[in-house]
Amino acid sequence: MTTIRAIRGMSDILPDESERWQYLERTVAGVLASYGYGEIRLPIVEQTALFRRSIGEVTDIVEKEMYSFDDRNGESLTLRPEGTAGCVRAAIQNSLLGTVQRLWYSGPMFRYERPQKGRQRQFHQIGAEVFGVVTPEIDAELILMTARLWRALGVAEHVELQVNSIGNSASRQAFRAALVEYLSAHHAALDEDSQRRLLSNPLRILDSKHPGTQAVLTHAPLLADYLDDESKADFVRVRELLDAAAVPYVVNPSLVRGLDYYNKTVFEWVTDRLGAQGTVCAGGRYDSLVEQLGGKPTPGIGFAMGKERLVLLLEALEAAPAAVPAVDVYAVNSGGGAEIAAFTALETLRSALPGLRIVQHTGGGSFRSQLKKADKSGARWALIWGDDEVANATVTVKSLREQAEQVALPLAELAGFLQRGTAS
RNA sequence: GUGGCCGUAGCUCACCUGGUAGAGCACCGGAUUGUGACUCCGGAGGUAGCGGGUUCAAGACCCGUCGGCCACCCCA
């Protein structure tokens, strides 16, 4: 019989690792809450049209990376490849857009890509979106919030903030035309990928890694020269606010986004500790997306961070707190009546001390082998029930981590004893 | 979608230039009475990813396929 394996690029997160994930999630949720963001929980499946209309028809995501399928009605559905579209849809549908909204979400996203370090087909993001603020201080707020997050996670020294403005749609189109014209004149010097992108997504050529293409780009027209006045002024303001907050950044003129809905401020947090997939968080403004999706014109801005990548970074930097044992107390028994005594006493103990993590040994075996498991579990105490304990209505408490005589306690004193021990 | 490297016990790996598989860790049991850790003894566990080919003989060589990792691409 062939064994069934997980789908390629979709991995299990085992208890060992999930501890680090929880640390990340707790920390992020705390920082988001401190800025007044509320959590929104969104479906994982949406109508395919939502993503086609928001992300852009000619993007790689829509053209070749979406998990799309027809449901039983023949309606085309898609496993969300990103979070913003669904969030905007929800904001419109639930009439959230009359006032300023600060929202965040967390969960799995799906993209059919070739897996590699920091890239899965099912991956996980935490994202934040703000609706209803035109002015650039919200751009700065979001960036400051992420900067605070890196400090909270202890990775601030190893991530770099890159910012850019890609202007409004008119200025971007003008720039795109100029860029295409220039690059077409140097067509032969471009690498194959870039030649292809000349037709599909010319802005993407800017961050090509190909040396020949980079050489051509040194004399290419600059996006900054095509920016409209408002975008320019807003970008200046964003930088002022970042400077005032002493958040270091570099302006990366070739920073563009892969999704069509972005405009004006875009930013990315990058690390050099993760190999080729170094972007750990990225976002930007999307002032016409709400309207594009059928809502009344509402400015928007947001970012998403990749949880896998952040977990890898925490790992690489050993920034997450050390793993702690999952068990405080491991109870062993000699079977029969002792097992019954243990069951009832442990239920009582769990009621008395709800925070205490208690594992009851299962599967029988000698005291010797049971205590081996108690030790392996990392528990601080072993509780022992045998015939003597049952006869005397006591339990033997054995300390596994420090030198101390084991004691036989009347059952009534067990909770108090462990509570005092936990406090010390 | 393209490329490189790799697939031997649960894990990490060895078996050098082909002669029918091994270590460490983990696991299980034991070292006289109901007691973990350190130590010692013993045990279980692999049709060498799968399929084909070359050969007297293949885990080692060749081809295909599947899977993994990394990179391109793309992106968080």
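A note on names: the letters A, B, ... follow the listed sequences, proteins ahead of strands, and every chain is numbered from 1. Any value given below was found using the heavy atoms of this structure, including those in side chains, with hydrogens, waters and symmetry copies removed. Predicted, not measured: the structure shown is a model, and the values here were computed from it.
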Between atom [atom1] in [X] and atom [atom2] in [N], what is the gap in whole Å?
X      : N     : atom1 : atom2 : value
A:D60  : B:C73 : CG    : P     : 11 Å
A:K209 : B:C73 : NZ    : P     : 5 Å
A:R8   : B:C66 : CZ    : P     : 9 Å
A:R114 : B:U2  : CZ    : C1'   : 8 Å
A:E268 : B:C75 : CD    : C1'   : 8 Å
A:R121 : B:C75 : CZ    : P     : 17 Å
A:Q277 : B:C72 : CD    : C1'   : 10 Å
A:W150 : B:A76 : CH2   : P     : 13 Å

Shortest side-chain distance from [X], nucleotide among [options]:
X      : options             : result
A:D193 : B:G29, B:C73, B:U35 : B:C73
A:E389 : B:A71, B:G34, B:G1  : B:G34
A:K373 : B:C73, B:G36, B:C28 : B:C28
A:Q125 : B:U35, B:G36, B:A76 : B:A76

| field | N/O donor-acceptor pair under 3.5 Å between A:Q120 side chain and A:M10 backbone | value |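 Flag not set: sc A:Q120 to bb A:M10 has no pair under 3.5 Å.
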| Where the side chain of A:T279 meets the backbone of A:C281, is there a donor-acceptor pair that is under 3.5 Å apart? |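 Flag not set: sc A:T279 to bb A:C281 has no pair under 3.5 Å.
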Distance between [atom1] atoms of [N] and [M] (Å, rounded):
N     : M     : atom1 : answer
B:C61 : B:G22 : C1'   : 23 Å
B:U47 : B:U8  : C1'   : 13 Å
B:G30 : B:C13 : P     : 33 Å
B:A60 : B:A9  : P     : 14 Å
B:G4  : B:C40 : P     : 48 Å
B:G10 : B:C73 : P     : 39 Å
B:G42 : B:C5  : C1'   : 41 Å
B:C75 : B:G1  : C1'   : 16 Å

In plain terms, say whether [X] and [Y] are close enough for a salt bridge, that is, a side-chain N and a carboxylate O under 4.0 Å apart.
X      : Y      : answer
A:D328 : A:R357 : yes
A:R80  : A:E46  : no
A:R20  : A:E315 : yes
A:R102 : A:E141 : yes
A:R111 : A:E82  : no
A:D375 : A:R401 : yes
A:E39  : A:R41  : yes
A:R197 : A:D193 : no

| query | Do A:W150 and A:H158 have ring centres separated by under 6.0 Å? | reply |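 Centroid separation for A:W150 and A:H158: 6.0 Å or greater.
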Mind checking [X] for me? I need base, sugar-phosphate or nothing, with any heavy atom below 4.0 Å counting as a touch.
X      : value
A:E192 : nothing
A:K372 : sugar-phosphate
A:E65  : sugar-phosphate
A:G127 : nothing

| message | Regarding A:N252 and A:S254, do their side chains bring together a donor and an acceptor under 3.5 Å, going by distance alone? | response |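 The criterion, which ignores hydrogens and geometry beyond distance, is satisfied for A:S254 and A:N252.
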If pairing requires Watson-Crick or G-U wobble contacts with both distances under 3.5 Å, which nucleotide is the partner of [N]?
N     : value
B:G43 : B:C27
B:A21 : none
B:A9  : none
B:G64 : B:C50
B:U2  : B:A71

Does a distance-only test, which skips hydrogens and angles, find a donor-acceptor pair under 3.5 Å between the side chain of [X] and the base of [N]?
X      : N     : result
A:E113 : B:G1  : no
A:Q370 : B:U35 : no
A:Q116 : B:C73 : yes

On the nucleotide [N], are OP1 or OP2 found under 4.0 Å from the side-chain N or O atoms that [X] carries?
X      : N     : answer
A:K117 : B:A76 : no
A:R119 : B:C70 : no
A:K376 : B:C27 : yes
A:R401 : B:G36 : no

What N/O pairs connect the protein and nucleotides 44-47 of chain B at under 3.5 Å? Give each pair on its own line.
none

| Near RNA chain B, which residues from residues 300-314 of chain A have a heavy atom under 4.0 Å away? | A:A304, A:G306, A:R309
| request: Measure from NZ or CZ of A:R121 to the centre of the six-membered ring of A:Y112, then state whether that distance is under 6.0 Å and the direction lies within 45° of the axis. | output: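 Yes; both conditions hold, so A:R121 lies above the ring face of A:Y112.
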| field | First encountered from the 5' end of RNA chain B, between A:G283 and A:R5 | value |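 In this pair, the answer is A:R5.
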| said: If you assign each of A:S366 and A:V280 to its closest nucleotide in RNA chain B, which residue comes earlier from the 5' end? | reply: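 Its nucleotide being nearer the 5' end, the pick is A:S366.
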